[in-house]
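This report refers to the structure that appears directly beneath it.
Remember, predicted model here, so these are calculated numbers, not experimental data. Just the heavy atoms: all of them, side chains too, but no hydrogens, waters or symmetry mates, feed the values below.
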Amino acid sequence: MNVIIVTACPSGMATAFLAAKGLERAAARRGWKAKVEMHSQLEPLVLADKATIAAADLVVIAASAPVELERFTGKRVYQAPIAQALPDPDAFLAQAESQATTLTEPAGRGATQAEAQAPAPQPGAGGPKKLVAITACPTGVAHTFMAAEALTQAAKGLGYGIRVETQGSVGAQNKLTAEEIQAADAVVLATDIEVDTSRFAGKRVWRTSTGVALKKSTQTIQDALEKAQVQGGTAPTEGAEHNGKGGAAGARRGPYRHLLTGVSFMLPMVVAGGLLIALSFVFGIEAFKQEGTLAATLMKVGGGTAFKLMVPLLAGYIAYSIADRPGITPGMIGGYLASDLGAGFLGGILAGFIAGYTARALSRYLKLPASVESLKPILLIPLVSSLLTGLVMIYVIGTPVAAVMAGLTAFLKNMGSGNAIMLGMLLGAMMCFDLGGPVNKAAYTFGVGLLAEGGAGAQMPMAAIMAAGMVPALGMGVASLLARSKFSEPEREAGKASLVLGLCFISEGAIPFMAKDPFRVIPTCMLGGAITGALSMYFGVQLMAPHGGLFVLLIPHAVNHVVLYLLAIAIGTGVVGGGYALVKTGKAEILETPPQPQSAPVAARRTIASN
């Protein structure tokens, strides 16, 4: 008998893969010829062609996520939740054979017979639905591109067309054209920072974060088509961001997103400045003190210029995120004042919010006659908002925040080993808690801010943060090597990729493992990260650059205690890799004997165990 097996789960990860393999082998034992259509991010989707569908005697759909059913009209179809297929695939197929019914009319997209009755998005008159999307994260390195890939695969699996523009660290790639935007049924903005949305005026827009788009890509596509709201003719206002419409819960707009926008623009300046300072040390730790030398020039460019621009950039682009272009001028002025007054990055953050909300309030509520309205954006808003921001910074905020920064600097300079270890443990655990989420970004922003501030001990937290951030991805790769029998072949391949990502300080390499087994992966990673951070702080390791992973070690003096730094990372990786290899349950799906008739003893094959 010819059978088509379709599996799909909400996350598009392990469950769909396990069910597909289990049902495929069960079909082989029954002597059936099976075509498997697996809607999973672990393998490319290959849809059944028309000839295969025409020849099929039975269609078995094990799904808890939407699946296109219209193409199976007229065939005997059995649908059930995917969870029912995992415990006993043989019994599931027997039930499918006996209870399948002919699909007499298009059922749309559904996961179960009950869900097939529910309203669902239907292809428009011109064919399948079309979407466009933008992905952007603060660092523009990992989440941006992983979310784009996840959305592409999810849309492909659902039978929809999609084009994704990535706004990463190298700028916008795969840019959307006006024609593509016009033809789109919905726009997905999976962004953790502010992006220009004016080109989507009049389109149905759905907002979410890169993390949600990565982990729940199929659900994101469905939500965009079903719940997106039409955007007005101008860029969204703050009020629209919080009205709960046209965006997912947890899209994390508001102050959090504004802060991340500022950090994303400041980060390249921190990297360039820190590495230029490190290069000046190649000629000697104090060689820059001799005027006219290359070392002095490098120090002037890196420490004297780049580092001075960090806080103004941070404040300017926080204000830009809030008020668009009118916020940049007062934000940068406030940031420069914060730096000049000794208020540091904390003062810069406050200056950015003050300038941004002041400029936005003036833009909204300052009403002028039409004859002078054009003066508002180029004269009145910059003047008034800069004046108010400057006065607040000088007379209200600057002095107390400068005292706080002085106290923090003194703490870092004079802290004993006990305090250093506790701080390292806290930062390390935060880096490993949500792998690129808000807790991770909070710890990273703290380290970058201290690095920008400079001073004795300011580089130590950044070293602990980067070391701990490398451990989850490295540890998952090591675990897949140590306990190969517990990982499926796609998981082992993901482990290899995770090793490379970990070396580059991209924690997101561990996300596929965390999505499948969060209650074991997260505690194990946090333990390894806390140990790594504590060891890095205890060893007194200082790092001049906030990114780059182990490749930063190739630059002389970028890290002061290279061997001890590598030791801390190795110990943390061993804790995560060895720990997860021990606590992970289940077996890899390995067929030990060729497919056998149904009468063959069950003991001749290895069972499939899911976590």
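Considering every non-hydrogen atom in both Thr220 and Ala213, the closest pair reads OG1-CA, 3.8 Å. For the pair Thr261 and Ser321, the tightest heavy-atom approach, listed with the atom from each and the gap, is OG1-OG, 3.5 Å. Considering every non-hydrogen atom in both Gly529 and Cys432, the closest pair reads CA-SG, 3.6 Å. When all heavy atoms of Pro128 and Gly159 are compared, the closest pair comes out as CB-O, 3.3 Å. The nearest pair of heavy atoms linking Leu427 to Pro461 is CD1-CB, 3.9 Å. Across Arg360 and Ile322, no two heavy atoms sit closer than the pair CD-O, 3.5 Å.
By the side chain to side chain donor-acceptor pair (under 3.5 Å) test, Asn174 pairs with Arg163, sequence neighbours left out. For Lys289, the salt bridge (Lys or Arg N to Asp or Glu O under 4.0 Å) partners are Glu286, not counting sequence neighbours. Partners of Val263 according to the side chain to side chain contact (heavy atoms under 4.5 Å, CB included) rule, which considers only residues two or more places apart in sequence or in another chain, are Leu259, Leu314, Thr445. For Ile522, the side chain to side chain contact (heavy atoms under 4.5 Å, CB included) partners two or more places apart in sequence, or in a different chain, are Phe433, Met514, Pro518, Met526. Residues passing the side chain to side chain contact (heavy atoms under 4.5 Å, CB included) test with Ile381 are Pro326, Ala359, Leu362, Ser363, Lys376, Ser385, sequence neighbours excluded. Under the side chain to side chain donor-acceptor pair (under 3.5 Å) criterion, Arg199 pairs with Glu165, sequence neighbours left out. Thr305 meets the side chain to side chain contact (heavy atoms under 4.5 Å, CB included) test with Leu309; sequence neighbours excluded.
Here the side chains of Trp206 and Lys227 are in contact, with some heavy-atom distance below 4.5 Å. Residues Phe145 and Gln173 are in side-chain contact: their nearest non-hydrogen atoms beyond the backbone lie under 4.5 Å apart. Counting only heavy atoms from C-beta outward, the side chains of Gln167 and Ile134 approach each other to under 4.5 Å. Contact annotation: the side chain of Thr297 never approaches that of Thr293 to less than 4.5 Å [non-hydrogen atoms, C-beta and beyond]. When side chains are defined from C-beta on, Leu189 does not count as touching Thr208, because their heavy atoms never get closer than 4.5 Å. Considering only heavy atoms from C-beta on, Tyr317 stays 4.5 Å or farther from Ile193 through its side chain. Taking 4.5 Å as the limit, some side-chain heavy atom of Tyr160 sits within range of a side-chain heavy atom of Leu131. Phe265 is not listed as a side-chain neighbour of Met310, based on a closest heavy-atom distance of 4.5 Å or more.
Side chain of Thr210 to backbone of Cys137: no donor-acceptor contact under 3.5 angstrom is found. Put simply, the side chain of Thr197 never gets that close to the backbone of Phe200: no donor and acceptor are under 3.5 Å apart. Gln219 places no side-chain N or O within 3.5 Å of a backbone atom of Lys216 that could act as its donor or acceptor partner. Side-chain N or O atoms of Lys203 include none that pairs as donor or acceptor with a backbone N or O of Val230 at under 3.5 Å. Of the possible polar contacts, none joining the Lys129 side chain to the Asp185 backbone as a donor-acceptor pair under 3.5 Å is found. Under the 3.5 Å distance criterion, the side-chain polar atoms of Asn440 are matched with a main-chain donor or acceptor of Met431.
In this structure, CE in Met393 is found 13.0 Å from OG in Ser386, a value given to the nearest 0.5 Å. Atom OG1 in Thr218 sits 10.0 Å away from atom CD in Gln153 (nearest 0.5 Å). Here the CE-CE distance, from Met460 to Met537, works out to 4.0 Å after rounding to the nearest 0.5 Å. If you take CD on Glu149 and CG on Leu214, they are separated by 10.5 Å, rounding to the nearest 0.5 Å.
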Show your working on side chain to side chain contact (heavy atoms under 4.5 Å, CB included) between Thr135 and Thr191 and close with a plain yes or no. CA-CA 5 Å; Thr135 61; Thr191 60; 5.9 Å; no
I'd like to know whether Leu368 forms a side chain to side chain contact (heavy atoms under 4.5 Å, CB included) with Leu375, so could you lay out the CA-CA distance, the side-chain angles of the two residues, the decisive distance to 0.1 Å, and finally the verdict. CA-CA 9 Å; Leu368 297 173; Leu375 294 177; 5.7 Å; no
Determine, step by step, whether Arg207 and Arg257 satisfy the side chain to side chain contact (heavy atoms under 4.5 Å, CB included) criterion, reporting the C-alpha distance in whole Å, the side-chain angles of both residues, the deciding distance to 0.1 Å, and the verdict. CA-CA 12 Å; Arg207 293 178 178 274; Arg257 174 168 293 200; 4.2 Å; yes
Side-chain donor-acceptor pairs of residues 328-356 under 3.5 Å, sequence neighbours excluded:
none

